[in-house]
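Below, chain A is the first sequence line, B the second, and so on; all start at residue 1. Note that the structure is predicted; figures quoted are calculated from it, not measured.
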Amino acid sequence: MAITRPRGTGDILPGDIYKWHYVEDAFRKICREYKYEEIRTPIFEHTELFERGVGDTTDIVEKEMYTFLDRGGRSITLRPENTAAAARAYMESSLIAGPQPVKLYYIGPMFRYDRPQAGRFRQFHQFGVEVFGANDPGIDAEVIAMTMNFYGRLGLKELELRINSVGCPKCRSVLREKLLEFFRPSLDQLCDNCKGRYQRNPLRILDCKSARCGELAAGAPTTLKCLCGSCAEHFEAVKKYLELLNIPYIVDSSMVRGLDYYTNTAFEIMAPDIGAQSSIGGGGRYNGLVEACGGPSTPGIGYALGIERIILTMERQGIAFPPPFTVDVFVAAAGSQAEEEALRLLFELRKNGISAEKDYMKRSLKAQMKYAGKLNPRYTVLLGGDELDRGVAGLKDMSSGIQEEVPLNSLVERIKRR
RNA sequence: GUGGAUGUAGCUCAGAUGGUUAGAGUACCAGAUUGUGGCUCUGGGGGUCGUGGGUUCAAAUCCCAUCAUCCACCCCA
């Protein structure tokens, strides 16, 4: 084997692709029902888009981007997520001038230079939606409800929905002051990572996974306690709508989005038993994003779901996928005259919308039957010299094994009827 | 970026203490009387033992490096 696939990538082979088609179809369907329209943005963008739209203090931008110079000397980056690109397209196109809100969805590959592990890859795939132009808490509830509804349709169980509100920049400057004050006495006891966070972004100390920082953060002021009047009202409305829609949630005030343009609602969905990378989806409101990317102040909210993790969770939970497609008819032929008739019949079947296959390996009739058994068609048509002379063919039902003679000129109709 | 485990046929794995042409199951292909699948039986093809060095009379087996996979940390989907 000369060349292998790059690290952290994977081939989705024919034996697995039906699972992807199934979840992709389910996602497209729910998007239609919620009136979201598909957008396809480039796989690569100017690096600057992500530096501004994702945030240059995030791990994604600091150490996980696939960035390179193209032949024209431009800095290009393989998209690590799709929200910034959607915002870019929204501004760059006429969408921003049309009726609001603009509700978009996407499906596609994302790239992050991470170390692979269970449920984490360098090229991975996401479903996502983005809503631009509406700040109504009803939209927050809608996108959350939509993800939970989608998971529910796939049959996923024991999921945990966590929500939080990070408020607006005003709320956060209040919180920032309180946090600096709170951690000042224990500053030298924080992990090295958090010492840096103390200066740059004290909010992120709250979701540090180190045990010591967790202890020190106990009783720290949370975003929820610092919400201004309108942000508190917004969060209450979102929770009320979720209750109205019978969607259970838990408020997790340690879940923070550290950047200025993330505002108000943040949420994440966790699945048990798929390893350490248990988040199968997450999202939130980003009222400052469009402006950060150079556009007018525009509210927005969205989420992204990991397709690999969804499929992994379904497999771990023993959820059955609809069986993969199998061919309707196999055409077997014995002898060279029959071979010609087989080819003619094969294309006639296909022309009539019946999926059909024949042997191309010069197999014996017996071997053709074995091969047919593997393709698992509903019927096998058998063509031989004797039958051809009489203008008939054998039609064998492969599950019952029952075979009957059918006139060649009525074969297609006969198969269509069943 | 850090740490641990692993790397032998397409796949799942055997191959104590280094010793002749490297094995099994499965998959693939072909046979088991005249033109017919799923079961069974027989036979066959297929491996530079991840790669590169080193130790040795001799290495899949020991040592080093490297690459890759898996798992975890960081972080995220």
Side-chain angles (χ1 to χ4, degrees), chain A residues 1-10 13 15 54 57-64 79-83 107-128 147 191-194 196-197 204 207-211 213 255-258 268-271 274-283 302-313 330-338 359 361-377 379-388 393-403:
Chain A
M1 217 190 308
I3 299 176
T4 56
R5 61 184 192 269
R7 181 158 208 207
T9 64
L13 299 171
V54 177
T57 63
T58 57
D59 279 11
I60 290 179
V61 172
E62 277 184 346
K63 53 182 197 189
E64 294 174 2
R79 63 181 188 195
E81 51 90 49
N82 212 0
T83 302
I107 298 179
M110 308 296 158
F111 306 84
R112 289 183 202 174
Y113 193 91
D114 238 348
R115 193 99 172 245
Q117 72 182 74
R120 192 172 69 194
F121 310 93
R122 290 185 171 179
Q123 175 174 334
F124 60 102
H125 299 78
Q126 289 186 332
F127 301 129
T147 65
C191 71
D192 292 345
N193 219 329
C194 284
R197 286 170 170 161
R204 293 207 68 89
D207 61 356
C208 181
K209 301 290 191 296
S210 113
C213 293
M255 185 175 59
V256 294
R257 297 281 191 276
E268 192 161 355
I269 298 93
M270 317 293 279
I274 60 167
Q277 307 303 320
S278 56
S279 169
I280 58 170
Y303 64 73
L305 314 182
I307 304 183
E308 285 86 352
R309 290 184 188 176
I310 288 172
I311 291 174
L312 183 61
T313 308
F330 185 83
V331 182
S336 54
Q337 314 95 299
D359 168 66
M361 299 301 287
K362 304 250 182 301
R363 278 183 250 251
S364 67
L365 183 65
K366 185 185 180 68
Q368 287 182 52
M369 291 307 291
K370 273 183 96 158
Y371 179 53
K374 280 161 201 153
L375 298 189
N376 195 26
Y379 297 107
T380 293
V381 173
L382 289 110
L383 300 169
D386 300 351
E387 289 94 333
L388 278 186
L395 180 64
K396 183 166 187 171
D397 181 309
M398 293 301 274
S399 53
S400 68
I402 296 168
Q403 182 174 331

How many whole angstroms separate atom CD of A:Gln117 from atom P of B:A77?
14 Å
Approximate separation, where rounding is to 0.5 Å, of A:Gln126 CD and A:Arg79 CZ:
9.0 Å
Between atom CG of A:Leu382 and atom CD of A:Gln368, what is the distance when rounded to the nearest 0.5 Å?
8.5 Å
A:Lys370, nearest nucleotide to its side chain (from B:G35, B:G37, B:C74)
B:G37
Answer with base, sugar-phosphate or nothing: what part of the nucleic acid does A:Tyr371 contact at a heavy-atom distance below 4.0 Å?
nothing
Is any side-chain N or O of A:Lys366 closer than 4.0 Å to OP1 or OP2 of B:G35?
no
Within the 4.0 Å heavy-atom criterion, would you say A:Met110 contacts the bases, only the backbone, or no part of the nucleic acid?
nothing
With heavy atoms under 4.0 Å as the rule, sort A:Ala118 into base, sugar-phosphate or nothing.
sugar-phosphate
For nucleotides B:G15 and B:U6, find the distance between their P atoms and express it as a whole number of Å.
14 Å
With a sphere of 6.0 Å drawn around CG of A:Leu13, does it hold more than 12 non-hydrogen atoms of other residues, nucleotides or ligands?
yes
Taking all atoms of both residues into account, what is the closest heavy-atom pair of A:Gln123 and A:Pro109, and its distance?
NE2-CB, 3.4 Å
In whole Å, measure the gap between the C1' atoms of B:U12 and B:G47 for me.
16 Å
From B:A77, B:G37, B:C73, pick the nucleotide closest to the side chain of A:Gln126?
B:A77
Does A:Leu305 reach a base, just sugar-phosphate, or nothing at all? Heavy atoms under 4.0 Å.
nothing
A:Asp59 CG - B:U2 P separation (whole Å):
16 Å
Taking only side-chain nitrogens and oxygens of A:Lys374, does any of them come within less than 4.0 Å of OP1 or OP2 of B:A27?
no
When rounded to whole Å, the CZ to C1' distance for the pair A:Phe124 and B:C75 reads 12 Å
Would you measure the distance from the P atom in B:C49 across to the matching atom in B:C29 and give it in whole Å?
27 Å
As a test of understanding, state which of A:Ile274, A:Leu305, A:Leu312 forms a side-chain contact (heavy atoms from CB on, under 4.5 Å) with A:Ile280.
A:Ile274
Please report, rounded to the nearest Å, how far the P atom of B:A77 is from the CZ atom of A:Phe111.
16 Å
Is there a side-chain contact between A:Phe330 and A:Val381, using heavy atoms and a 4.5 Å cut-off?
no
Nearest 0.5 Å please: distance from the CZ atom of A:Arg7 over to the CZ atom of A:Arg115.
5.0 Å
Look at all strands and tell whether A:Gly401 reaches a base, only sugar-phosphate, or nothing, counting heavy atoms closer than 4.0 Å.
base
Where the side chain of A:Lys63 is defined as all heavy atoms beyond and including C-beta, which of B:C74, B:C29, B:U36 is the nearest nucleotide?
B:C74
Using atom C1' of each nucleotide, how far apart are B:G44 and B:G7 to the nearest Å?
29 Å
If you look at every strand shown and take non-hydrogen atoms under 4.0 Å, does A:Gln123 touch a base, only sugar-phosphate, or nothing?
nothing
Nearest-Å distance once atom C1' is located in both B:G18 and B:C57
12 Å
Smallest heavy-atom separation, A:Met369 atom then A:Ala332 atom, equals SD-CB, 4.5 Å
How far does the P atom of B:A14 sit from the matching atom of B:G25, given to the nearest Å?
16 Å
Whichever of A:Asp386 and A:Lys362 has the more 5' nearest nucleotide on RNA chain B, that residue is A:Lys362
Within the structure shown, what part of the strands sits under 4.0 Å from A:Gly281 by heavy-atom distance: base, sugar-phosphate, or nothing?
sugar-phosphate
Does any N or O donor sit under 3.5 Å from an N or O acceptor when you compare the side chain of A:Arg112 with the base of B:C76?
no
Check: protein-nucleotides 65-69 of chain B nitrogen or oxygen pairs below 3.5 Å:
| residue | atom | partner | partner atom | Å |
| --- | --- | --- | --- | --- |
| B:U69 | OP1 | A:Gly8 | N | 3.3 |
| B:U69 | OP2 | A:Arg7 | NE | 2.6 |

For RNA chain B, consecutive-pair runs of 3 or more (Watson-Crick or G-U wobble, both H-bond-type distances under 3.5 Å) give B:1-7 with B:67-73, B:10-13 with B:23-26, B:28-32 with B:40-44, B:50-54 with B:62-66
Which heavy atom of A:Gly119 sits nearest a heavy atom of A:Arg309, and at what distance?
O-NE, 2.7 Å
Out of curiosity, A:Lys370 NZ to A:Leu365 CG, how far, rounded to the nearest 0.5 Å?
13.0 Å
Looking at A:Arg120, does any N or O in its side chain come under 4.0 Å of the phosphate oxygens OP1/OP2 on B:C70?
no
Among B:C73, B:U36, B:C76, which nucleotide sits nearest the side chain of A:Arg309?
B:C76
How long is the straight-line distance from CZ of A:Arg122 back to CD of A:Glu64, given to the nearest 0.5 Å?
10.5 Å
Please report the interatomic distance CD1(A:Ile107) to CG(A:Asn82), rounded to the nearest 0.5 Å.
11.0 Å
What does A:Ala338 touch in the nucleic acid at a heavy-atom separation under 4.0 angstrom: a base, only the sugar-phosphate, or nothing?
nothing
I need the CD-C1' distance between A:Glu81 and B:C75, as an integer number of Å.
15 Å
Among B:G35, B:G37, B:C74, which nucleotide has an atom closest to any side-chain atom of A:Met398?
B:G37
Hey, which sits more toward the 5' end of RNA chain B by its nearest nucleotide, A:Glu64 or A:Ser400?
A:Ser400
Span that lies between the P atom of B:U34 and that of B:C70, in whole angstrom:
49 Å
Assign A:Gly275 to base, sugar-phosphate, or nothing according to its heavy-atom contacts below 4.0 angstrom with the strands shown.
sugar-phosphate
Against A:Met398, only a single residue in A:Thr380, A:Asn376, A:Leu375 fulfils side-chain contact (heavy atoms from CB on, under 4.5 Å); can you say which?
A:Thr380
Considering only atom P, compute the distance from B:A22 to B:G46 and round it to an integer number of Å.
13 Å
Please state how far atom OH in A:Tyr379 lies from atom C1' in B:U36, giving the value in whole angstrom units.
18 Å
Base, sugar-phosphate alone, or nothing: which one does A:Gln403 contact when heavy atoms must sit under 4.0 Å apart?
base
B:A77 C1' sits how many Å from A:Ile274 CD1, rounded?
9 Å
With a non-hydrogen cut-off below 4.0 angstrom, is A:Lys396 in contact with a base, only sugar-phosphate, or nothing?
base
Is any side-chain N or O of A:Glu387 under 3.5 Å from a base N or O of B:G35, one able to act as donor and the other as acceptor?
yes
A:Asn82 CG - B:A77 C1' separation (whole Å)
13 Å
